[in-house]
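Heavy atoms only: backbone and side chains are in, while hydrogens, waters and symmetry mates are out. Order of the sequence lines sets the chain letters (A, B, ...), proteins ahead of strands, with each chain counted from 1. This one's a predicted model, so the numbers in the text were calculated from it and none came from an experiment.
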Amino acid sequence: MYLSLQNRLVKHVRAFLKQKYNVDLTNIVVEQPPKIELGEFALPVCFELARSLRKAPRKIADEIVVEMSLPEGFAKFEVAGAGYINARLDRSSAAALIARDLPNGEAGPTPTRGKVLVEHTSINPNKAAHIGHLRNSILGDTLVRLLRAAGYAVDVQNYIDNTGVQVADVVVGFEKIAKKSRAEIAELIAGSEGRFDYYCWDLYAQVSQWYGQDKANLEARRDTLHALEVGGNETAETAQLISMAVLRRHLETMQRLDIEYDFLPQESDILHLHFWAKAFELLKQAGVLYYEKEGKNKGCWVMTRPGRAKDDDAPEGPDEDAKVIVRSNGTVGYVGKDIAYHMWKFGLLGLDFGYRKFYEYSDGRPVWISCDPKDGEAEHPHFGGVDAIYNVIDARQSDPQETVKQAILLMGHESEAARYTHFSYEMVALTPRCAMELGYEVSEEDQQKNYIEVSGRKGFGVKADDLLDKLIEAAKSEVDARHGELTEDERREISTQIAIGALRYFMLKFTKQSVIAFDFREALSFEGETGPYVQYAVVRASNIFRKAEVAPEDVLKIDALKTVLAADAFAGNDDIWSLWLAAGQTAKVVEQCIATTEPAALTKHAFQLAQQFNNFYHKHHILTEEDPGRKALLLATAAIVRRELIATMAVLGIPTPAVM
RNA sequence: GGGAGCGUAGCUCAGUUGGAUAGAGCAUCUGCCUUCUAAGCAGAGGGUCCCAGGUUCGAAUCCUGGCGCUCCUACCA
């Protein structure tokens, strides 16, 4: 509602300024006044006009306010401060609009804005997921929900690097350290009570140490990596057994947080289906890659770096700063594979995967995985060839991401490159205190730091499932204390919902570029600016309707509202009206989050709305209100806030418990 | 060396395209549970927005130069 009225206002003012002063402002700034008493919108436009019109801002504002007509839905223009024009809404009619807003629920509107692809999670399938991976998946999943709420069709992909050095390492671990046959590994997968990824976590850390013991041990890594890339051998089959088992664990872990995927492209298929060979030809044809004959990169196929201007510096000799795509021994680096994969994403490669089902969610929806087309199912959805892509990948990979984007741009695909978004975010690290609490040895030097980077290689970090378990237990002890009347299962379900709310909110409340220094005390908090705080506000609202024995939906029906929203309903009720106004901004905030690729703004919205509601809840006792008209207004207010909170939480992936 | 990011209250962080008195949570202190649930509410204290210039009617925000911290930059992935 807020957004559409704002657009209407801007259009109206722009037309007026053109007609009156013959100035055409393309970007008219609209703000919200610091206090609701000053109106709903503030226009600082007169400050800008002061210069060209050679008049004091306040004078211009006076003229405009007197002469400009009111757009539909607006009640008044006023001059304020040193020259602001403040606009007041006709509150009752605006409230009716808010009530009619379609909630941005889980299902979202039917897609009308094209198809986009979001890649997130993409954890190396060789160990358990940790808190850093959780940030990726939660950010990615929330981006998916934002896009769907805004009317995009979204495919969710989780890239599986099953032929990389990390998988090779854990394979080496099974062969050289654990000394397990493939049959024994299969047994372990079946018998490890759903925590095979934990076993790999420890083993992977041991392998890193083992490499350190003797440099000759690194040969095992090299040989294994080569075997995985070639495929069709014993080692590769063992690796696939391991990586698919770990992948299943990752899917299960993420499912606990209500995070789901559509498609799992495997690196092994990119190799075996010769995506790179095709891409290499196209890149050579387009002149994006060139063969370096001199300097340190002699014998390699290289690409000019994005920042590098071709004619400026480096007048003579080879560009030593160029990015090596194909090594002098003829093998391709991972950036090359990534270029091929991204050409496929945009439908620019002319090749496709085969598809088969890999996993099934509780509602029966399948997750598809790539395969050789001859092994694939005949009937499958179409992935790839989308309008825009978002890659949720941490900030340390900015450089290779830029390279891939640059390759697509240099091939002449300008619009694709423009719709290639590296959704970059900072890592999750542990505070030194947290690391020591977990029993890790922390050096003197590290103790002085604000945070210490987690490392799967060292086995240093907090596992995702452990954190979730811990959160559920913490929530459970609260729920047990408060709701003895519920069954064990009911209490566990609510505790899980609270844990998910706390975790998702925690990961989303920081802006992307902020490093999260993880600390259990903060993450386990259910008070203040947290997910449970927002959930609690909804529970409070729900309790009112339960005791009043009315459905919140019925209160918001047009007929019911007609009498409630009488012309003077909000007169003298600034606090109540500001709650309506805040509730009407969900769609605006969703759009803002997409435009800035920053979901944190939505957590802010949820928190502020919940906070305002708690304030309202405390101040107005609804059920004991004796004036029926007043009571109806208060009920409608609770209903509208409850609806918008639930919708906002759905976009954040936060469930709404029945009781708390 | 080159590139990217950051520096705001004791701590952790917000701060829209430059706008009205710089905000929130935590922590500290003071009140409020016989009420629709206190996982809550009200209030108090707490600021050289890293420093110095500049642009502007107006700067935490934009520009320049410092200082400090982090990451990236390899024929690893």
Side-chain angles (χ1 to χ4, degrees), chain A residues 27 29-35 38 42 44 47-48 50-51 56-57 80-84 86 124 161 163-166 168 225 267 292 296-302 305-308 321 323-329 331 333-335 337-338 394-400 402 424 426-427 431 449-451 453 475 478-479 482-483 498 502 509-511 513-517 519 521-522 525-530 532-533 535-537 539-548 589 592 595-596 598 600-601 603-604 607-608 611 614-615 617-625 634 638 659-660:
Chain A
N27 187 26
V29 177
V30 184
E31 296 162 9
Q32 234 185 304
K35 284 181 185 164
L38 296 170
F47 299 110
E48 207 176 323
R51 172 168 246 185
Y84 283 93
N86 288 351
N124 278 296
D161 183 1
T163 56
V165 79
Q166 293 214 27
L225 184 58
E267 185 166 88
E292 182 60 79
K296 66 165 187 164
N297 294 333
K298 187 178 175 184
C300 299
W301 287 87
V302 302
R305 261 178 212 281
R308 198 92 173 176
D321 195 39
K323 184 86 197 163
V324 172
I325 305 297
V326 181
R327 304 177 190 117
S328 57
N329 66 3
T331 59
Y334 95 109
V335 179
K337 288 176 248 178
D338 229 20
D394 79 75
R396 290 169 292 191
Q397 301 235 38
S398 293
D399 202 62
E402 273 305 305
S424 169
E426 272 295 347
M427 61 185 172
T431 60
K449 294 181 177 170
N450 291 328
Y451 54 80
E453 189 175 348
E478 289 289 328
V479 175
R482 291 159 200 248
H483 297 287
I498 292 169
K509 74 191 236 187
F510 302 94
T511 52
Q513 74 272 15
S514 168
V515 174
I516 298 180
D519 194 308
R521 191 188 54 189
E522 246 191 289
S525 167
F526 299 149
E527 291 167 14
E529 197 191 337
T530 65
Y533 177 95
Q535 291 173 316
Y536 188 61
V539 167
R540 283 178 141 182
S542 299
N543 285 344
I544 297 169
F545 290 100
R546 201 187 59 241
K547 292 227 172 168
V589 179
Q592 184 196 330
T596 56
E598 180 52 85
T603 62
K604 225 68 188 174
F607 177 65
Q608 284 167 355
Q611 201 173 35
N614 273 332
N615 181 336
Y617 177 92
H618 182 79
K619 197 166 159 191
H620 306 282
H621 201 271
I622 299 176
L623 294 183
T624 54
E625 174 58 51
L634 296 176
V659 297
M660 276 180 80

K.L.:
Using the test salt bridge (Lys or Arg N to Asp or Glu O under 4.0 Å), find all partners of A:K449 that sit at least two apart in sequence or belong to another chain.
P.N.:
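Counting only residues at least two positions away or on another chain, A:K449 forms a salt bridge (Lys or Arg N to Asp or Glu O under 4.0 Å) with A:D446.
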K.L.:
Determine the minimum heavy-atom distance between A:A601 and A:Q592, stating which atoms define it.
P.N.:
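Residues A:A601 and A:Q592, closest heavy atoms: CB-NE2, 4.0 Å.
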K.L.:
Pick base, sugar-phosphate or nothing for A:K296, based on heavy-atom distances below 4.0 Å to the nucleic acid.
P.N.:
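The answer is base, as A:K296 lies within the cut-off (heavy atoms under 4.0 Å) of a base atom.
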K.L.:
When we call it a touch if two heavy atoms are under 4.0 Å apart, what does A:A42 touch: a base, just sugar-phosphate, or nothing?
P.N.:
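Since a base atom lies under 4.0 Å of A:A42, the category is base.
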K.L.:
What nucleic acid atoms does A:D338 come within less than 4.0 Å of, heavy atoms only: base, sugar-phosphate, or nothing?
P.N.:
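The answer is nothing, as A:D338 stays clear of every strand by at least 4.0 Å.
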K.L.:
Take the protein atom OH of A:Y536 and the nucleotide atom P of B:U37, then report the distance between them rounded to whole Å.
P.N.:
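In whole Å, B:U37 P and A:Y536 OH are 8 Å from each other.
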K.L.:
A:E527 has an atom CD; how far is it from atom C1' of B:C41, in whole Å?
P.N.:
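Answer to the nearest Å: 13 Å.
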K.L.:
Identify the two heavy atoms, one from A:A502 and one from A:F526, that lie closest to each other, and give their separation to 0.1 Å.
P.N.:
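Heavy atoms of A:A502 and A:F526 come nearest at CB-CE2, 3.8 Å.
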K.L.:
Remember a base hit wins even if backbone is also touched, and classify A:T331 as base, sugar-phosphate or nothing at under 4.0 Å, heavy atoms.
P.N.:
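No contact.
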K.L.:
Students often get this wrong, so: under 4.0 angstrom with heavy atoms, is A:N124 touching a base, only sugar-phosphate, or nothing?
P.N.:
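No contact.
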K.L.:
Which of the following nucleotides, B:U12, B:A39, B:A20, is nearest to the side chain of A:R482?
P.N.:
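Between B:U12, B:A39, B:A20, the one nearest the side chain of A:R482 would be B:A39.
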K.L.:
Whole-Å distance between B:A24 P and A:Q608 CD?
P.N.:
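Nearest whole value for this atom pair: 10 Å.
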K.L.:
Please examine the side chains of A:D161 and A:Q166, heavy atoms only from C-beta on, and report whether any two atoms are closer than 4.5 Å.
P.N.:
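A side-chain contact is absent here, since even the closest heavy-atom pair is not under 4.5 Å.
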K.L.:
NA contact type, A:N27, heavy-atom cut-off 4.0 Å: base, sugar-phosphate, or nothing?
P.N.:
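The residue A:N27 makes base contact.
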K.L.:
For a quick test of reading the model, state the closest non-hydrogen atom pair linking A:Y533 to A:Q611 and the distance between them.
P.N.:
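That would be OH-CA, 3.1 Å.
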K.L.:
For B:U16, does the base pair up with any side-chain atom of A:Q592 as donor and acceptor (N or O, under 3.5 Å, distance only)?
P.N.:
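Indeed there is one.
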K.L.:
Using atom names, set out every protein N or O paired with an N or O of nucleotides 31-35 of chain B below 3.5 Å, distance rounded to 0.1 Å.
P.N.:
{"unit_1": "B:U35", "atom_1": "O2'", "unit_2": "A:H621", "atom_2": "NE2", "d": "3.3"}

K.L.:
For A:Y617 and B:C36, are the ring centres under 5.5 Å apart with planes inclined under 30°?
P.N.:
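Stacking between A:Y617 and B:C36: present.
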K.L.:
Any strand counts, and the cut-off is 3.5 Å on both contacts for Watson-Crick or G-U wobble. Which nucleotide pairs with B:C26?
P.N.:
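Because both required distances fall under 3.5 Å, B:C26 counts as paired with B:G10.
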K.L.:
Looking for any heavy atom pair under 4.0 Å, which part of the strands does A:K449 touch: base, sugar-phosphate only, or nothing?
P.N.:
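Result for A:K449 = nothing.
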K.L.:
Start at the 5' end of RNA chain B and walk down; is the nucleotide closest to A:V539 or to A:G164 reached first?
P.N.:
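In this pair, the answer is A:V539.
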K.L.:
Looking across every strand, which nucleic acid part, if any, lies under 4.0 Å from A:V589 by heavy atom: base, sugar-phosphate, or nothing?
P.N.:
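Nothing, no heavy atom under 4.0 Å.
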K.L.:
Measure from the side-chain N and O atoms of A:N86 to the backbone N and O of A:L38, and report whether any donor-acceptor pair falls under 3.5 Å.
P.N.:
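Yes, A:N86 side chain to A:L38 backbone: donor-acceptor pair under 3.5 Å.
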K.L.:
Check this one for me: any side-chain N or O of A:N450 less than 4.0 Å away from OP1 or OP2 of B:U70?
P.N.:
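Result: no.
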K.L.:
Have a look at A:V515 and say if it touches a base, only the backbone sugar-phosphate, or nothing, with a 4.0 Å heavy-atom cut-off.
P.N.:
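It contacts sugar-phosphate atoms only.
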K.L.:
Is any side-chain N or O of A:K547 closer than 4.0 Å to OP1 or OP2 of B:U37?
P.N.:
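Yes.
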K.L.:
Could you say whether A:A475 or A:Y334 is positioned toward the 5' end of RNA chain B, judged by the nucleotide with the nearest heavy atom to each?
P.N.:
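Going by which nucleotide is closer to the 5' end, it is A:A475.
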K.L.:
In whole Å, measure the gap between the C1' atoms of B:A27 and B:G45 for me.
P.N.:
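My reading of the C1' atoms in B:A27 and B:G45 gives 13 Å.
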K.L.:
Any carboxylate oxygen within less than 4.0 angstrom of a Lys/Arg side-chain nitrogen, looking at A:E402 and A:R305?
P.N.:
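No salt bridge links A:E402 with A:R305.
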K.L.:
Grab the CD1-C1' distance between A:I325 and B:A74 for me, whole Å please.
P.N.:
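Whole-Å distance recorded here is 13 Å.
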K.L.:
For B:U37, does either OP1 or OP2 sit under 4.0 Å from a side-chain N or O belonging to A:N543?
P.N.:
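Result: yes.
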K.L.:
How far apart are the closest heavy atoms of A:A638 and A:I622, and which atoms are they?
P.N.:
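Residues A:A638 and A:I622, closest heavy atoms: CB-CD1, 4.2 Å.
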K.L.:
Whom does B:G5 pair with, Watson-Crick or G-U wobble, provided both distances fall under 3.5 Å?
P.N.:
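B:G5 is paired with B:C69.
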K.L.:
Rounded to whole Å, how long is the line connecting atom CE of A:M427 with atom C1' of B:U70?
P.N.:
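Distance, rounded to whole Å: 7 Å.
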K.L.:
How would you label the contact of A:L225 with the nucleic acid (heavy atoms, under 4.0 Å): base, sugar-phosphate, or nothing?
P.N.:
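Nothing, no heavy atom under 4.0 Å.
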K.L.:
Are OP1 or OP2 of B:C57 and a side-chain N or O of A:R51 less than 4.0 angstrom apart?
P.N.:
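Checking A:R51 against B:C57: at least one side-chain N or O falls below 4.0 Å of OP1 or OP2.
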K.L.:
What is the base-pairing partner of B:C62, counting Watson-Crick and G-U wobble geometry with both distances under 3.5 Å?
P.N.:
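Partner of B:C62: B:G54.
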K.L.:
Starting at atom CD of A:Q611, determine the distance to atom C1' of B:C26, rounded to an integer number of angstrom.
P.N.:
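My rounded result for the distance is 13 Å.
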K.L.:
Could you state the atom-to-atom distance from CD1 of A:I516 to P of B:C71 in whole Å?
P.N.:
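For the pair A:I516 CD1 and B:C71 P, the rounded distance is 17 Å.
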K.L.:
When all nucleic acid strands are considered with a 4.0 Å heavy-atom cut-off, which category describes A:F526: base, sugar-phosphate, or nothing?
P.N.:
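Base: the residue A:F526, judged by heavy atoms under 4.0 Å, touches a nucleobase.
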K.L.:
Does any donor-acceptor pair link the side chain of A:D399 with the base of B:U73 at a separation under 3.5 Å?
P.N.:
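There is none.
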K.L.:
Given the C1' atoms of B:G3 and B:C50, what is the spacing between them in whole Å?
P.N.:
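It works out to 23 Å between them.
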K.L.:
How far does the P atom of B:C49 sit from the matching atom of B:U8, given to the nearest Å?
P.N.:
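Roughly 11 Å separates the two P atoms.
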K.L.:
Tell me: CG of A:N615 to C1' of B:G43, nearest whole Å?
P.N.:
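It works out to 13 Å between those atoms.
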K.L.:
Please confirm whether the shortest side-chain N or O distance from A:R305 to OP1 or OP2 of B:G3 is below 4.0 Å.
P.N.:
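Result: no.
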K.L.:
Provide the distance between the two C1' atoms, one in B:A22 and one in B:A14, to the nearest whole Å.
P.N.:
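Here B:A22 and B:A14 have their C1' atoms 11 Å from each other.
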K.L.:
Which heavy atom in A:L623 sits nearest to a heavy atom in A:A548, and how many Å separate them?
P.N.:
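Nearest heavy atoms, A:L623 then A:A548: CD2-CB, 3.6 Å.
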K.L.:
From the list B:U37, B:G40, B:A20, which nucleotide is the closest neighbour of the side chain of A:N614?
P.N.:
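Out of B:U37, B:G40, B:A20, the nucleotide with an atom closest to A:N614's side chain is B:G40.
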K.L.:
Can you tell me the Watson-Crick or wobble partner of B:U48, both distances under 3.5 angstrom?
P.N.:
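Result: none.
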K.L.:
List the atom of A:N450, the atom of A:A517, and the distance in Å for their closest heavy-atom pair.
P.N.:
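The answer is O-CB, 4.3 Å.
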K.L.:
Which part of the nucleic acid, if any, lies within contact of A:S328, taking any heavy atom under 4.0 Å across all strands shown: a base, the sugar-phosphate backbone alone, or nothing?
P.N.:
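Base, at least one base atom sits under 4.0 Å.
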K.L.:
Which atom pairs link the protein and nucleotides 6-11 of chain B when you take only N or O atoms and keep those under 3.5 Å?
P.N.:
none

K.L.:
Taking C-beta and beyond as the side chain, do A:E453 and A:M427 meet within less than 4.5 Å on heavy atoms?
P.N.:
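Side chain of A:E453 against side chain of A:M427, heavy atoms only: contact under 4.5 Å found.
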K.L.:
Are any side-chain N or O atoms of A:K509 and backbone N or O atoms of A:E529, one a donor and one an acceptor, separated by less than 3.5 Å?
P.N.:
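Yes: the side chain of A:K509 pairs with the backbone of A:E529.
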K.L.:
Using Watson-Crick or G-U wobble geometry with both distances below 3.5 Å, tell me the partner of B:G40, or none.
P.N.:
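Result: B:C32.
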K.L.:
So what does A:F545 hit on the nucleic acid, given a heavy-atom distance under 4.0 Å: a base, only sugar-phosphate, or nothing?
P.N.:
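A:F545: no heavy atom of the nucleic acid under 4.0 Å.
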K.L.:
Since syn is defined as within 90° of 0, does B:C33 count as syn or as anti?
P.N.:
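Base orientation relative to the sugar is syn.
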K.L.:
Hey, does A:K35 reach any base, or is it just sugar-phosphate, or nothing, if we go heavy atoms under 4.0 Å?
P.N.:
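If one applies the 4.0 Å heavy-atom cut-off, A:K35 turns out to touch a base.
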K.L.:
Any side-chain heavy-atom pair from A:R546 and A:N543 closer than 4.5 angstrom?
P.N.:
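Touching, per the 4.5 Å side-chain cut-off.
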K.L.:
With a cut-off of less than 4.0 Å, is there a side-chain N or O of A:Y533 near OP1 or OP2 of B:C41?
P.N.:
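Looking at the OP1 and OP2 atoms of B:C41, one of them is under 4.0 Å from a side-chain N or O of A:Y533.
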